[in-house]
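Bear in mind that the values here come from a model prediction, so they are computed numbers and not experimental data.
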Amino acid sequence: MFGLKTLLEDLSSPVGLMTILFVSGILIRVFHRQSHIGRRLVWAGAGLYLVFLMTPLAEVSFGSLERPFPSMLHPDASVRTIVVLGAFGEDSPMLPVTHKLNVESISRMVEGIRLYRELPGARLIVSGGILRRQDRPIADLLADFAKAMGVPNRDVVVEGLSTTTYENLLEVKKIVGSEPFILVTSSDHLRRAAAVARKLEMRPLPAPATVWVDQYPAGLSWLRWAGMVKKDMSTERFSYLQRAHREFLGYLWYWILGRV
């Protein structure tokens, strides 16, 4: 079931759709040279590429996930717990602790540590299990990073059993119970993570990391948007489209399973 879900997610993604159109068109042109369908499919793939690259689709889709959760500048002083959900890491003995985590995990940890320093006496819970058979749990790598950044060992709590968003919050609930806590994860992931926590009758206070869309203020005119995007017409936009697509499907999947 998980494999089928992943396959459907990949095929229906922006990059997946373009790939299907391009590959199908090229194959038809190779084996049926007289057919116009192949050329039309290739042109459709090129048109889709331009739509994804030259319209504010990335900002609209990603922004709908990000904007409901503004940055937490000053946390509530009464909150005693900060929970950081892990993304990905590689437990290589040849790498320093700062290189073992991917950009998403580092961004989440930096935000979690910043909030921790705003709340003297708080504890920092890091969550995430084994992602690759030969590695330690991602939570261990997050804890190593926190300690390397000066967080005392006594203030770091490791939850290393979970491998999905639902499992993250299920395991964290065993630690925090019904007390309010600051939930730190990527801005596009917060909607699903916070919904899972509330479904489990927890009390999350969302705190986004890796904020992106705020560089394009709400209500920005098309002309102004085009001027800003022209300076950075890169494939990075596709990564945000892919992430938004993944989160929308992930939320739908969790809704079907009754987890949100």
Side-chain angles (χ1 to χ4, degrees), residues 1-67 85-90 101-108 131-133 135 138 163-166 185-193 209-213 215-216 222 225-226 228-257 260:
M1 181 65 76
F2 179 77
L4 178 61
K5 170 184 171 292
T6 302
L7 177 62
L8 292 175
E9 180 179 305
D10 291 341
L11 292 178
S12 63
S13 70
V15 172
L17 291 175
M18 289 190 299
T19 301
I20 290 172
L21 289 172
F22 279 126
V23 171
S24 299
I26 291 171
L27 288 177
I28 290 175
R29 289 289 292 170
V30 169
F31 294 104
H32 300 280
R33 292 184 177 275
Q34 303 304 317
S35 175
H36 296 295
I37 296 177
R39 183 170 57 187
R40 290 170 182 167
L41 288 174
V42 171
W43 277 110
L48 203 58
Y49 174 84
L50 293 177
V51 168
F52 291 152
L53 188 66
M54 303 183 71
T55 70
L57 186 59
E59 287 82 353
V60 171
S61 58
F62 200 87
S64 67
L65 295 168
E66 183 177 275
R67 285 200 169 103
L85 305 186
F88 186 76
E90 181 180 353
L101 300 174
N102 72 345
V103 173
E104 287 290 299
S105 290
I106 290 177
S107 179
R108 297 177 189 186
L131 303 180
R132 303 192 313 167
R133 185 173 299 175
D135 287 352
I138 181 68
T163 57
T164 67
T165 301
Y166 178 74
T185 186
S186 302
S187 58
D188 54 312
H189 184 225
L190 262 179
R191 180 189 180 196
R192 180 158 51 115
T210 59
V211 174
W212 178 64
V213 169
Q215 65 180 306
Y216 303 101
W222 183 280
W225 173 86
M228 294 176 69
V229 170
K230 183 176 66 174
K231 298 176 183 177
D232 184 28
M233 193 69 75
S234 69
T235 54
E236 180 189 30
R237 302 173 60 72
F238 288 108
S239 71
Y240 286 101
L241 269 175
Q242 289 286 107
R243 284 172 56 176
H245 169 266
R246 182 188 66 223
E247 277 305 316
F248 284 126
L249 282 189
Y251 193 94
L252 175 62
W253 179 247
Y254 271 27
W255 178 77
I256 291 172
L257 295 177
V260 296

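- The backbone N or O of T210 sits less than 3.5 Å from a side-chain atom of S107, completing a donor-acceptor pair.
- In this pair, W212 and F62 present their aromatic rings perpendicular. The plane angle is above 60°, beyond the 30 to 60° band.
- With rounding to the nearest 0.5 angstrom, the CZ atom of R39 is 12.5 Å from the CD1 atom of I28.
- For residues 13-23, the set of pairs meeting the side chain to side chain donor-acceptor pair (under 3.5 Å) definition, not counting sequence neighbours, comprises S13-Q242.
- The CZ atom of F22 lies 10.0 Å from the CH2 atom of W43; values are rounded to the nearest 0.5 Å.
- In this structure, Y166 OH and R192 CZ are separated by 13.5 Å, a value rounded to the nearest 0.5 Å.
- Partners of L48 according to the side-chain contact (heavy atoms from CB on, under 4.5 Å) rule, which considers only residues two or more places apart in sequence or in another chain, are L17, M18, L21, F52.
- Rounding to the nearest 0.5 Å places CD1 of I20 at 11.0 Å from CG of L41.
- By the salt bridge (charged side-chain N to carboxylate O under 4.0 Å, His left out) test, R191 pairs with no residue at all, sequence neighbours left out.
- L131 and F88 get closest at one heavy-atom pair: CD1-CD1, 3.6 Å.
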Derivation of the side-chain contact (heavy atoms from CB on, under 4.5 Å) call for Y254 and T165: CA-CA 10 Å; Y254 271 27; T165 301; 3.7 Å; yes
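- For R132, the salt bridge (charged side-chain N to carboxylate O under 4.0 Å, His left out) criterion is met by E90, D135, not counting sequence neighbours.
- The two atoms that bring D188 and E247 nearest to each other are O-CG, 3.3 Å, heavy atoms only.
- Between L241 atom CG and E59 atom CD the span is 8.5 Å, to the nearest 0.5 Å.
- Remark: the backbone N or O of S61 is paired with a side-chain donor or acceptor of S64 at under 3.5 angstrom.
- Residue-environment remark: CD1 (I37) stays at or below the threshold of 12 foreign heavy atoms within 6.0 Å.
- Looking only at side-chain heavy atoms (C-beta outward), T163 and I138 stay at 4.5 Å or farther from each other.
- Here the straight-line distance linking atom CZ of F238 with atom CG of L57 works out to 10.0 Å at 0.5 Å rounding.
- Among residues two or more places apart in sequence or in another chain, the side-chain contact (heavy atoms from CB on, under 4.5 Å) test is passed with S12 by H245, L249.
- Residues S105 and L101 approach most closely at CB-CB, 3.8 Å, considering heavy atoms.
- Taking the side chain to side chain donor-acceptor pair (under 3.5 Å) definition, one finds that R108 meets it with T185, S186, sequence neighbours left out.
- Results of the side-chain hydrogen bond (donor to acceptor under 3.5 Å, both in side chains) test with S187 over R243, E66, R67 single out E66 as the only residue that passes.
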